[in-house]
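First up is the structure itself, then whatever we jot down about it.
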2 protein chains.
Amino acid sequence: MQEKVNLTKTSLSERFTRGDVLSSECPARDVLKHITSRWGGLVLIALHEGETFRFSELRRIIQGVSEKMLAQTLQALEQDGFVIRTSYPVVPPHVEYSLTKLGSEAAVHVAGLADWVEGNLTEILSNRNKAVLTKAS
Amino acid sequence: MQEKVNLTKTSLSERFTRGDVLSSECPARDVLKHITSRWGGLVLIALHEGETFRFSELRRIIQGVSEKMLAQTLQALEQDGFVIRTSYPVVPPHVEYSLTKLGSEAAVHVAGLADWVEGNLTEILSNRNKAVLTKAS
DNA sequence: CAGTATCCAACGCGATACTG
DNA sequence: CAGTATCGCGTTGGATACTG
C-alpha cells in the first residue's frame, strides 16, 4: 500500500513534471491506466474523429465488451474529461457519447499506436512464432 | 472462451486489415495488451532512444515493478520482437536489454502518449476533481 | 546478478438478474 | 434503452524463498 500517500491529487500533480511516469507515485500512471485499459483505448478509437454513439451502438462496435465494463470504462473516461455523456430525457432513454477536445487529442495517440500495431502485425506475429520455435528446438 | 479459434496466428493475421482492433478476434489486441500492459509501456519508455540497461537497472528505474513482473514483461516484449536480450557468459551473470528497430517505433508511440498525458495532467486531474464534487452535491 | 518457483491476495471482468 | 447490483471465477501480480 505504498500508494496511500496523504496528499490531494492536485498537489501531487504539481510535484511531478514531464518524464516522471517511471516514478512510482506519478499520477499520470492512473490516467494512462484508463486510456490503455482493456476497453478504454477501444472506446477512444471508436469515438475518434467526432463520432457520436449511443450506449448500445458502442457495445456492438466494440466487440466483446460487456455492459458492465463499457459503463465502467465510459464513466472513468468521462471523469477524466475525455468523454461527454449527453442524456436526452425521453422514454425510452436516449444517451449519446462523444469525445471532448481533450479526448480527441488522446484518441489521436491511441489510434496512432493501434494503427502502427496493425500495420506491423504480420512482422510481430512472425517474430512470435520464431521465438516459440527456437524454444522448442 | 470465444478466443479459442482453430486457426494459426499467421493465418489470423492475414484475415485482418487496418482498423480492425474493434473486432473481437483481431490479434492486434494481444500485441496491444503487451505494449499497454501495466509495465510493458514503461519498459519501452525506459529503453527508448537507444538506451541499454541491465535487469537490476531497469528494476530501479521503473519504480514499483517486482522481479517477477519485470521478467515476465521483458519476455513478452522479447517474443514480439520489441526487445533484445543480450547475455554475457560471465560470473556473476551480466544481461543487457535494449530495443529493436521495431521496439523503437513502438516506443515512440507509447512515449508520445505518456508525454501528452503528463503535459495535460493538471487539466485532467482538475476535471476529475470537478466530477467528484458534482457527484457530492 | 539475474533470474525461477510457489503461494496467496486482490482485482478484473463476465454472466445474470433487476430497475427507471 | 441504458444502465445498476450482485455473484463468482480466472487472471494479475506482489512477497518470499530458492538457484545457477
Side-chain angles (χ1 to χ4, degrees), chain A residues 1-4 22 24-25 29-43 46-47 52-79 83-98 131 135, chain B residues 1-4 22 24-25 29-43 46-47 52-79 83-98 131 135:
Chain A
M1 281 298 157
Q2 51 175 332
E3 318 249 347
K4 216 168 211 169
L22 298 175
S24 56
E25 288 161 23
R29 283 196 183 178
D30 287 344
V31 179
L32 276 170
K33 201 170 179 178
H34 292 161
I35 295 178
T36 65
S37 70
R38 178 165 186 195
W39 305 112
L42 297 182
V43 166
L47 292 175
T52 295
F53 288 119
R54 302 178 61 166
F55 186 86
S56 51
E57 290 177 321
L58 279 174
R59 258 209 88 189
R60 217 171 315 116
I61 294 168
I62 304 172
Q63 290 183 23
V65 68
S66 65
E67 286 189 358
K68 177 186 168 182
M69 291 315 299
L70 180 56
Q72 199 170 295
T73 304
L74 284 169
Q75 283 168 13
L77 294 178
E78 189 189 359
Q79 282 212 354
V83 162
I84 298 180
R85 195 192 106 114
T86 313
S87 169
Y88 299 95
V90 295
V91 178
H94 185 122
V95 180
E96 289 183 351
Y97 294 91
S98 58
K135 213 171 188 177
Chain B
M1 280 299 162
Q2 51 176 331
E3 318 248 348
K4 215 166 211 170
L22 296 175
S24 56
E25 287 160 25
R29 282 196 183 178
D30 287 345
V31 179
L32 276 170
K33 201 170 179 177
H34 292 162
I35 295 178
T36 65
S37 71
R38 180 165 186 193
W39 305 112
L42 297 182
V43 166
L47 291 176
T52 294
F53 289 119
R54 304 179 60 169
F55 186 85
S56 52
E57 290 176 321
L58 279 174
R59 258 209 88 190
R60 217 172 313 115
I61 294 169
I62 303 172
Q63 290 183 21
V65 68
S66 64
E67 286 189 358
K68 176 185 170 184
M69 291 316 299
L70 181 55
Q72 200 170 296
T73 303
L74 285 169
Q75 284 169 12
L77 294 177
E78 190 190 358
Q79 282 213 353
V83 162
I84 298 179
R85 196 192 107 116
T86 313
S87 170
Y88 300 94
V90 295
V91 179
H94 184 123
V95 180
E96 288 182 351
Y97 294 91
S98 58
K135 212 171 189 177

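Every chain is numbered from 1 and lettered A, B, ... according to where its sequence line falls, protein lines coming before strand lines. Excluded from the calculations below are hydrogen atoms, water molecules and symmetry mates; all remaining heavy atoms, backbone and side chain alike, are included.
Proximity of Arg54(B) to the phosphate of dC1(C): no side-chain N or O atom is located under 4.0 Å from OP1 or OP2. Residue Arg38(B) places at least one side-chain N or O closer than 4.0 Å to OP1 or OP2 of dG14(D). A sub-4.0 Å separation between OP1 or OP2 of dT4(D) and a side-chain N or O of Gln72(A) is absent.
Taking a pair to require two hydrogen-bonding distances under 3.5 Å in either a Watson-Crick or a G-U wobble arrangement, dC13(C) pairs with dG8(D). With a cut-off of 3.5 Å on both pairing distances, the Watson-Crick or G-U wobble partner of dG14(D) is dC7(C).
Here the OG1 atom belonging to Thr36(B) is positioned 10.0 Å from the CG atom belonging to Leu32(A), to the nearest 0.5 angstrom. In this structure, Leu77(A) CG and Gln75(A) CD are separated by 10.5 Å, a value rounded to the nearest 0.5 Å. Arg38(A) CZ to Met69(A) CE: the interatomic distance, rounded to the nearest 0.5 Å, is 8.5 Å.
Residues Tyr97(B) and Ser66(A) each lie close to DNA chain C; by heavy-atom proximity, the contact nearer the 5' end of the strand is made by Tyr97(B). Residues Leu74(B) and Ser37(A) each lie close to DNA chain C; by heavy-atom proximity, the contact nearer the 5' end of the strand is made by Leu74(B).
The distance between atom NZ of Lys33(A) and atom C1' of dA10(C), rounded to the nearest whole Å, is 11 Å.
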Atom pairs and distances, donor-acceptor, side-chain atoms in residues 85-94 of chain A, under 3.5 Å, two or more places apart:
| residue | atom | partner | partner atom | Å |
| --- | --- | --- | --- | --- |
| Tyr88(A) | OH | Glu96(A) | OE1 | 3.4 |
| His94(A) | ND1 | Arg54(A) | NH1 | 3.3 |
| His94(A) | NE2 | Glu96(A) | OE2 | 3.2 |

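No side-chain heavy atom of Leu42(B) sits less than 4.5 Å from a side-chain heavy atom of Val65(B).
Non-hydrogen atoms lying under 4.0 Å from DNA chain C are contributed by Arg85(B), Pro92(B), Pro93(B), all within residues 85-93 of chain B.
Evaluation of the side-chain contact (heavy atoms from CB on, under 4.5 Å) rule for Leu58(B) yields Ala46(B), Leu47(B), Phe53(B), Ile62(B), Leu70(B), Leu74(B), Tyr97(B) as partners, not counting sequence neighbours.
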